[in-house]
Each structure stands twice: as C-alpha cells, then as structure tokens.
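Reviewing the structure listed below.
Reckoned from all heavy atoms, side chains included, excluding hydrogens, waters and symmetry mates.
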Amino acid sequence: MSGPETGNTGDTTNTAGAGAFVGGQFGHVHDSDIYLVGPDAQPEDKYRVGLRYLQNGVPAKARDLITEAVADGHDSGEVAFHRVLSVLSKRSFRDLSSEDHQELRLLSVRAHTYPEDEWTKALDAVFVLLACLAGQNNSSEATVDALLALPSEQRRPIIHHLSLMITGGMKEGLWIHTVRDAEQTVHGNGRTERVWSYFEPVPIGARVREPKPSSTTSWDLFWASVWSVLLACCAGTIGWAALTHGGPFVLLTCLLAPVAGYFALHEALLWWHRNRLLQGGENRNLIKPRAKAPPKGGFADRVDHDFEHYFSKYAPEPAQRRQWLDETAAVRRALRDEVVHLYRESEVEAGRVRWLIRYMARDVRQRSRSDRPLDPRARHGAGAMTKARAVFFSALTAAGLMTVVVTALFHVPATAVGCLLLAGVGARFALPLWATLISESWRVREERRESEQIRKERGAEYHRWKSKLERLRPTEPEMEAWLNADKTLVLQHALSRYRLSWHEIVAHTFLHVADQPCRRAMVPGGAWRYSKYVIRLFLVTGEGVRDVEARLDFNKGVVGRREFEEFRFDTVSSVRVTEQSRVSYTLYLTLNNGGPREITVSEPPTDAPEHEEEEGDVEMVNLDASGFFHTRRILEGIAAEGKAWISRDRDRRDHKRPGSYPTGTDEQHADEGTAVVRTEG
C-alpha cells in the first residue's frame with residue numbers, strides 16, 4: 001500500500017508574497033490522549049506526558065510538566081536526565097539564563113544522590129559536556145568519547161537535544177554519527193508507505209438514509225374497509241343468486257373464481273407496485289437544475305468535488321470516461337444528495353466522509369461491470385413472469401365473473417343490476433385504497449431491508465478504512481524522528497555546499513513552517529505537523545550568515561528546491577517580530593540592500609481543534625516545536641550588535657562563567673552542601 005486512495009485534499013490554498021511562509025488553514029485533530037494531564041494527575045503521569053512532549057519536539061511544555069512531577073515527589077536518575085534535556089533542548093549555550101545555570105548546577109549536585117545506573121552515567125556525561133562548554137574542561141575529545149561510549153538509549157537523546165549546544169571540534173567528532181543515524185532514519189519504519197495516513201482525517205461512522213414513513217393513514221384503512229364491505233355484500237348477493245339458480249358449472253365457477261381472483265389481484269398489484277416505485281425512483285433521481293451553486297469551500301462544494309474526482313478516477317476505461325460520467329450522472333447526484341443530507345447537519349468536515357464517497361464510486365463501478373442496477377435503491381419494472389401470471393389469472397377471473405354475472409342477470413335482473421352498480425362504486429374506491437395501503441407496506445419493508453444491507457456494507461467499509469489508518473498511522477515520536485533526520489540532511493548538504501567545517505560554525509538554527517498548499521494534522525495538545533515544509537537554516541560563521549531555504553515533501557522524505565543566500569553581519573539592518581495576536585507571529589528580517597523578508601511563522605487557524613486547550617497554548621506549542629524562539633534570539637542578537645555579538649559572547653564565556661558544574665570527576669561532591677557553596681561561589 002503506497003498511499004491513500006485520495007485525490008485532491010481540498011485544503012485551502014493561501015497566497016503570499018515572495019519570501020512569505022504561511023501556516024496551514026485546514027487540518028485534522030486525531031483522537032488521542034497521549035498529552036492529556038488531568039487536574040488530579042499523579043506525578044508519574046505528569047512525568048510520562050512531559051517525556052512525550054520532550055521526545056516530540058516541545059521542550060518548554062516538557063520542562064514544566066517534569067518539574068511539576070519532581071516537585072510532587074517523583075524523582076530518579078532517569079527523571080533528572082530528561083529534566084536536564086528539557087532545559088537544554090533547542091537552545092544554544094548562550095541562550096541559557098542565570099536562572100537556567102543555577103537550576104542546572106543544583107541538578108548536577110543532586111545527581112550524585114541517585115543510585116548509579118545508565119541514567120546517572122548519562123546525566124554525568126551531560127554535565128561534563130556543559131563544563132566543557134563553560135570552559136571548565138578543555139578536553140573536547142574526551143567528552144565526545146564519553147558520549148559515544150553511552151548506550152544508544154541515552155546517547156541519541158543527548159546528541160539530538162543538545163545539537164544546538166554542541167559546536168566546534170566536539171560537534172565534528174559527533175557529526176559523522178549524527179549523519180549516519182539520519183540516513184538510516186529518514187526512510188525507516190516504512191515512511192513512504194505510512195506518512196500519508198497521519199494526515200488522513202478520522203473517518204466518521206457509516207450512516208444510511210432511513211426509509212420514508214408510509215404515506216397512508218388510519219383513515220385510508222377505515223374507508224378501504226367500508227368500501228370493501230359494500231363490494232363484498234354486492235358480490236356475495238350476485239354470487240348467491242347465481243348459485244341458487246345455476247347448475248354444477250356455475251357452482252364450480254363460483255368456487256374457482258375467488259382463487260383465480262386472488263392470484264390475479266396479487267400479481268397485478270405487484271406489477272403496479274413495481275411500476276409505481278420505478279417511477280418514484282426516477283423522479284427522485286432526476287437531475288434538477290440548482291437555483292444556485294453551493295458556497296465555495298463549504299461542505300456541499302467539497303462533497304461535489306470529491307464525487308466528480310472519484311467517479312472520474314474509477315471510470316471503467318479512461319477512453320470512456322465522459323460516457324461513464326454521463327451514464328452515472330443520475331446516481332451520482334442521488335448519492336451526493338444523500339451524503340450531504342446525512343452529514344451536513346452535523347457540521348462534519350468533508351474529508352471525514354471521503355471514505356464513503358470513494359466506496360460509493362467503487363460500488364457503482366462494480367454494479368456496472370456485473371450488469372446490476374447502478375443505484376442500489378433503484379426499483380425495476382415487474383418481470384415478464386409476473387406480467388404473464390397477472391394476465392393469465394385476470395383472464396380466468398374475468399371469465400368466471402362473466403359466467404356468474406350473466407347467470408344472476410338472467411334469473412334476478414333487477415337485483416343483479418343494482419348490485420353490479422353498487423359493486424362498481426365499491427371497487428372504484430376500495431381497490432385503489434387497498435393497492436396504496438399494501439404497496440406502501442411493501443415499500444417500507446423493502447426499504448428497511450435494503451437500508452440494513454447498505455448499512456452493513458458501508459459499516460464494513462468504514463471499519464476496514466479505520467483499521468487501515470490505525471495500523472499505518474505513525475506515532476508522534478516517529479514523525480519527530482523523520483523530521484529531525486530531514487533537517488540533519490539539509491544541514492549536511494549546506495555544510496558540503498559551503499565547504500564549512502564545524503570549527504567554523506559559531507551558531508546555527510532551524511525554523512520550519514508549512515509550505516502551502518499542504519495538509520496538516522495534530523494530536524490534541526501537540527504541535528501541527530505538515531505534509532510539506534519549508535525548512536530554513538541559518539549558519540552563523542565568523543564572517544557572516546548563510547541562509548538556506550529547503551522545501552521538503554514530508555510524505556516522501558524528499559527535499560526539493562533549495563535556495564542559498566549569504567549576507568555579512570553589517571548588512572543586517574533590523575529584525576522585527578510582529579505579534580498580531582497570541583496566535584499570530586510574523587518575523588521581518590531587513591537587510592541594507594533590500595526590503596524586509598517576511599516570514600509568517602504562525603497565523604490563526606480557520607478550524608478550531610476539538611480539544612479543550614486554550615488557543616494561545618496550542619500556538620505556543622507550535623512555536624516551540626518550529627524552532628522560532630532560538631531563531632529569533634540569534635537574528636535579534638546579530639541585528640543589534642553585528643559581528644560584536646560573537647565577540648561579546650566569547651567574552652562572556654571567558655570572563656563571566658556561570659559557575660562550575662560538579663560532575664563525577666570531582667572528588668569533593670560527597671557533601672551536597674559543600675558542593676552548593678562551591679558552585680555559588
């Protein structure tokens with residue numbers, strides 16, 4: 001299975017000027033509680049959710065939850081390890097505030113109180129790395145060796161979350177391993193066969209139009225009974241007169257005529273019933289010109305588009321596509337109206353019923369190939385045998401009645417004539433009423449039976465499609481791992497193109513946003529993920545900035561067009577962030593030799609996620625996941641100070657070190673109080 005059985009997604013396409021990148025407009029929220037933290041959540045649950053946020057690229061939320069879990073008494077070497085990573089993830093060393101350094105120093109002291117295991121060894125390796133970055137330990141090779149010696153369960157998170165921290169020779173030693181892991185990950189776990197399912201909307205359950213209630217009333221039954229009594233009395237009088245005055249032949253006729261009449265009425269009624277329903281079905285399926293087209297982009301308009309797409313896609317032969325569309329126009333309209341009627345009232349997003357439209361198109365094609373009626377609800381005229389039986393039994397009945405009537409007229413003419421007139425009046429009103437009553441009861445029974453069959457077939461298709469999506473849909477860690485692998489390979493390509501080594505890189509930052517038009521989806525509480533990205537990479541060296549823009553087809557894991565630009569520090573005029581609201585951010589990078597470059601990092605979504613999180617909280621998660629905060633800090637620092645930003649940062653490291661980080665190599669960490677005094681001194 002290589003991809004979804006879908007065509008155009010129907011998502012809205014934004015337009016923007018050159019250099020602008022906009023967020024997705026329409027998306028899907030998966031039904032998942034992996035980020036759910038109740039008001040009475042246990043500390044273990046808070047930690048578990050915080051760990052998921054960390055693994056899925058939202059360190060700020062992870063830090064808050066893990067800190068709460070520790071404050072509530074859930075603490076261990078593993079918890080402390082992930083707490084440290086949440087502080088450092090997606091940040092460079094220069095981004096750490098004095099409060100961050102103080103928290104890290106206290107954690108480094110506290111680390112020695114945990115039982116020694118793989119997590120405490122990894123935690124100590126992190127603090128050795130921080131000590132190296134702070135200038136306390138210049139042995140970067142030993143630091144790299146210590147990291148590489150860790151088990152992969154601890155080593156990979158450290159390298160990933162501290163990717164912006166580790167620079168220079170230390171980064172050079174780890175980079176080959178990072179690239180190798182990315183190359184193995186980028187198409188791993190069946191990415192190209194599975195990613196599409198993440199962006200498929202959660203299908204809505206199968207629905208079927210209920211049969212129309214019977215159009216007859218109790219009054220119809222009452223009057224049918226009254227006229228039937230009159231008809232029966234008159235027929236009985238004529239029959240009795242014939243029996244009393246006729247011979248054996250008349251007696252035999254009187255016995256056989258009612259039997260033949262029963263079969264004649266049954267077959268004739270069935271014939272009439274079929275024709276009645278056939279004419280009614282044709283009237284229902286008749287394409288009537290619309291007074292006006294449905295609103296553009298609305299539910300009905302999207303359903304129209306999907307019906308046109310799938311009936312064209314499933315045409316038996318491409319050469320006969322136009323003929324196929326003409327032949328199926330009536331049933332297509334009927335099925336389209338049914339879908340709109342069944343789901344529109346619930347304000348359902350059109351993508352959630354696409355599975356049903358696709359199934360309907362395939363079903364019509366299969367019916368056409370097997371010479372079955374295209375519309376499963378269609379009624380057809382009575383068969384030849386029904387018509388033959390109706391004619392045969394009607395002829396026998398007519399002959400019998402003629403014999404009885406003639407006999408009665410010959411012997412009691414006055415009584416026979418009167419009864420015939422009254423019988424004709426009774427039959428005139430009784431027969432149509434009974435025909436309608438019986439036909440309606442047959443129709444309701446047949447439609448209920450057909451509705452149940454259709455419900456069963458659609459339900460089976462719904463469960464098949466839902467199960468397929470659940471089986472293929474990637475997890476959040478898988479989506480994050482693929483995106484990180486993509487960014488790593490974009491960075492490797494940029495380093496190769498510019499022929500830069502990590503010794504020359506002062507800082508780097510990623511900013512990834514949606515590349516419209518695209519599809520998007522999210523897990524409640526998590527960040528939006530897109531089927532297409534624009535990945536922007538800023539490489540800062542001692543002489544200037546390299547700006548790399550790569551367009552990523554996330555479904556295929558393929559990077560398309562790349563754009564490269566370089567500018568010196570002194571050409572950056574200003575960096576400005578405009579916050580239109582809590583959920584709308586635009587970054588403007590202005591150079592001396594050109595107008596401002598507009599990057600719309602986030603904008604208000606037009607569809608509201610179906611969960612209880614505040615709108616601003618959701619967007620802050622998206623901003624954190626996109627790398628916006630670190631990118632803004634770097635660009636604002638360059639715009640404010642130019643090349644002096646690098647010198648000032650180095651001076652701050654050399655002359656204003658944030659204190660020491662006690663590690664496992666220190667011999668004086670046995671007493672926690674002494675260590676705290678030393679670090680604060």
Check your understanding: Do you know which of Lys532, Arg551, Arg520 makes salt bridge (Lys or Arg N to Asp or Glu O under 4.0 Å) with Asp515?
Key -> Arg551

Main-chain N/O of [Y] paired with [X] side-chain donor or acceptor, under 3.5 Å:
X: Arg529; Y: Met522; answer: no
X: Asn622; Y: Trp528; answer: yes
X: Trp196; Y: Lys556; answer: no
X: Arg389; Y: His266; answer: no

Review point. How about Tyr314 and Val364: do any of their side-chain heavy atoms sit closer than 4.5 Å?
Key: no

**Study point:** Min side-chain heavy-atom separation Glu461-Arg458 under 4.5 Å
**Key:** no

Practice item. Mind telling me whether Tyr530 and Tyr533 have parallel, tilted or perpendicular rings, with 30° and 60° as the class edges? Key: perpendicular

In terms of side-chain heavy atoms, does [X] have a donor or acceptor partner in [Y] at a distance below 3.5 Å?
X: Asn555; Y: Tyr198; answer: no
X: Trp434; Y: Ser228; answer: yes
X: Ser215; Y: Glu440; answer: yes

Review point. Do you know the tightest heavy-atom contact between Arg207 and Tyr343?
Key: N-OH, 3.0 Å

Revision key, fill the gap. Those residues at least two apart in sequence (or on a different chain) that pass salt bridge (charged side-chain N to carboxylate O under 4.0 Å, His left out) with Arg449 are none

